[in-house]
Amino acid sequence: MATDHDLQGLAERLGLPFQEQIDDALADETLLSRLPLAFARSRCLLPLAIQNGQLLVAVGNPADLLAQDEVAKLYGLPVSGIVVPQEELLAAINRLYSRTAGSARDVVENLIAEDLSTIATELSRPHDLLDLTDEAPVIRLLHAILFQAVKERASDIHIEPYERSLEVRFRIDGILHLKLEPPKVVQEALVSRVKIMASLNIAEKRLPQDGRLKVLVAGHEVDVRVSIVPTFFGERTVLRLLDRKQGVRSLGAIGFSERDTTIMERLLSRSNGIILVTGPTGSGKTTTLYAAISRLNRQEKNIITIEDPIEYQLPGVGQIQVQSKIDLTFAAGLRSVLRQDPDIIMVGEIRDAETAKISMQASLTGHLVLSTLHTNDAATAITRLIDMGIEPFMVASSLAGILAQRLVRVICTHCREAYQPEETLPGMPEILYRGRGCERCSGQGTLGRTGIYELLPVDAELCGMITRCASTNEIKAYALSRGMRTLRDDGMDKVTAGITTLEEVLRVTQEEYVDLPV
């Protein structure tokens with residue numbers, strides 16, 4: 001493939017202007033409806049605008065005069081070209097065509113009842129959801145739902161049957177939004193199509209089923225985890241979306257303060273011990289573990305993970321998928337992993353006493369272990385381990401640190417504004433920030449999420465407290481005296497910095513906030 005420098009030289013020889021990027025604001029999206037997406041991609045060509053009676057076209061291969069002639073005939077206008085690097089041009093093609101794709105609501109309005117009977121046996125799969133044209137109506141409906149969910153940054157799609165209705169809701173930044181109410185008559189066909197794409201049994205409607213599928217949206221791959229359960233009014237489907245384009249992020253990128261980053265890196269530099277990440281389901285624990293593994297991933301380290309499911313493929317890391325049907329549980333996998341000479345082990349979740357005990361033993365025999373646990377705050381994790389039957393001395397000897405976390409919505413930077421609250425709490429800044437709502441954030445005022453954290457390193461004094469079974473409140477009071485920042489403290493720091501809102505921090509920390517004894 002020609003380099004950008006070679007392409008620029010070719011453009012100069014042909015007397016064509018060269019441009020490194022395409023300004024989307026200059027593109028007339030109404031022109032795209034006449035040129036098929038497949039042609040635009042395969043010939044690396046994008047019509048931008050009509051100027052002075054000519055069609056301005058961005059081309060990635062200026063020597064392909066035949067493609068330019070075909071476009072000139074299609075639009076009935078002479079063509080003037082600008083040369084753009086192919087990678088940038090293909091990204092622009094995906095970006096601009098995605099804006100013109102029909103929404104799921106548009107597809108519902110055009111559903112044809114006569115076509116529904118054949119949809120369950122339709123096996124064709126498009127290579128990209130942007131390529132949809134003549135698919136059967138319910139197939140187009142499902143693909144439009146997937147496309148719209150990715151476009152709106154949804155993490156989950158809920159397809160929920162009720163007595164006389166069918167609802168489709170998207171979870172965006174942790175909050176569910178009703179997006180669509182398709183006709184009840186398409187319910188079975190829609191679920192059957194999901195089963196076909198996920199290679200599940202379309203005839204089984206009495207038992208829960210889990211599966212996976214992959215789709216391409218605007219040129220990048222999205223993993224979809226499928227869960228189907230039978231309910232009184234039909235099968236309920238939840239699709240969890242994992243956009244591989246986002247990749248694994250660093251500790252700083254997921255919201256760690258400089259102080260917490262320094263402490264966490266010190267914990268990760270240990271050769272043994274166990275580091276626990278705690279919080280409820282959906283609080284970003286797995287993302288934090290991946291960030292930590294990415295930080296540790298070096299050629300001289302043997303890193304093995306046991307996960308359910310594997311969300312990202314990490315180069316240089318051995319990843320094991322839990323298979324409970326064949327008794328490959330976290331505990332069983334962990335026993336086998338210890339015979340693989342690992343330096344670092346990541347256990348997706350400590351669900352039972354057996355897994356907890358083996359993890360503790362592994363951390364005491366020269367391994368650094370990372371795992372997650374479901375507790376509300378850092379101090380409670382210690383009590384939880386002891387309640388699971390782990391001896392206090394083993395907990396004290398193996399624990400290196402505990403991180404509790406939550407996710408809060410981030411104020412949209414495109415519509416952020418400062419305001420002065422009518423009432424202020426002690427320690428609260430006089431000026432706060434909020435999002436007005438704009439096109440970028442779909443009127444929500446928030447765009448994306450970040451983490452708030454409570455990091456508790458285990459020192460010698462704390463080990464003694466654990467051994468004598470100190471209460472959660474005693475442990476938390478000691479940690480605060482040593483400078484630990486609570487979830488709410490970290491959240492308030494982000495409120496002051498204009499990253500999130502006061503309402504968000506109160507929403508996610510209210511149930512954890514308790515008055516400690518003086």
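When a residue number appears, it is its place in the shown sequence, counting from 1.
- Side-chain contact, Y290 with E307: a donor N or O sits under 3.5 Å from an acceptor N or O.
- Here the closest heavy-atom approach between residue L407 and residue S283 is recorded as CG-O, 3.4 Å.
- Of all heavy-atom pairs spanning L146 and M197, the tightest one is CD1-CE, 4.5 Å.
- Applying the side chain to side chain contact (heavy atoms under 4.5 Å, CB included) criterion to C415, with sequence neighbours excluded, gives C412, R436, C438, C441.
- Counting only residues at least two apart or in different chains, side chain to side chain donor-acceptor pair (under 3.5 Å) contacts with residues 256-266 comprise E265-R295.
- Listed by chain and residue number, E160 satisfy the salt bridge (charged side-chain N to carboxylate O under 4.0 Å, His left out) test with R169 (two or more places apart in sequence, or in another chain).
- Checked by atom type, the side-chain pair H158/E167 shows no donor-acceptor distance below 3.5 Å.
- Residues passing the side chain to side chain contact (heavy atoms under 4.5 Å, CB included) test with S80, sequence neighbours excluded: Q54, L56.
- In this structure, the side chain to side chain contact (heavy atoms under 4.5 Å, CB included) partners of L10, at least two apart in sequence or on a different chain, are R13, L14, P62.
- Counting all heavy atoms, side chain and backbone alike, A198 lies closest to V226 at CB-CG2, 4.0 Å.
- Residues Q319 and Q313 bring no donor and acceptor atom of their side chains to less than 3.5 Å of each other.
- Residues passing the side chain to side chain contact (heavy atoms under 4.5 Å, CB included) test with A418, sequence neighbours excluded: I431, Y433.
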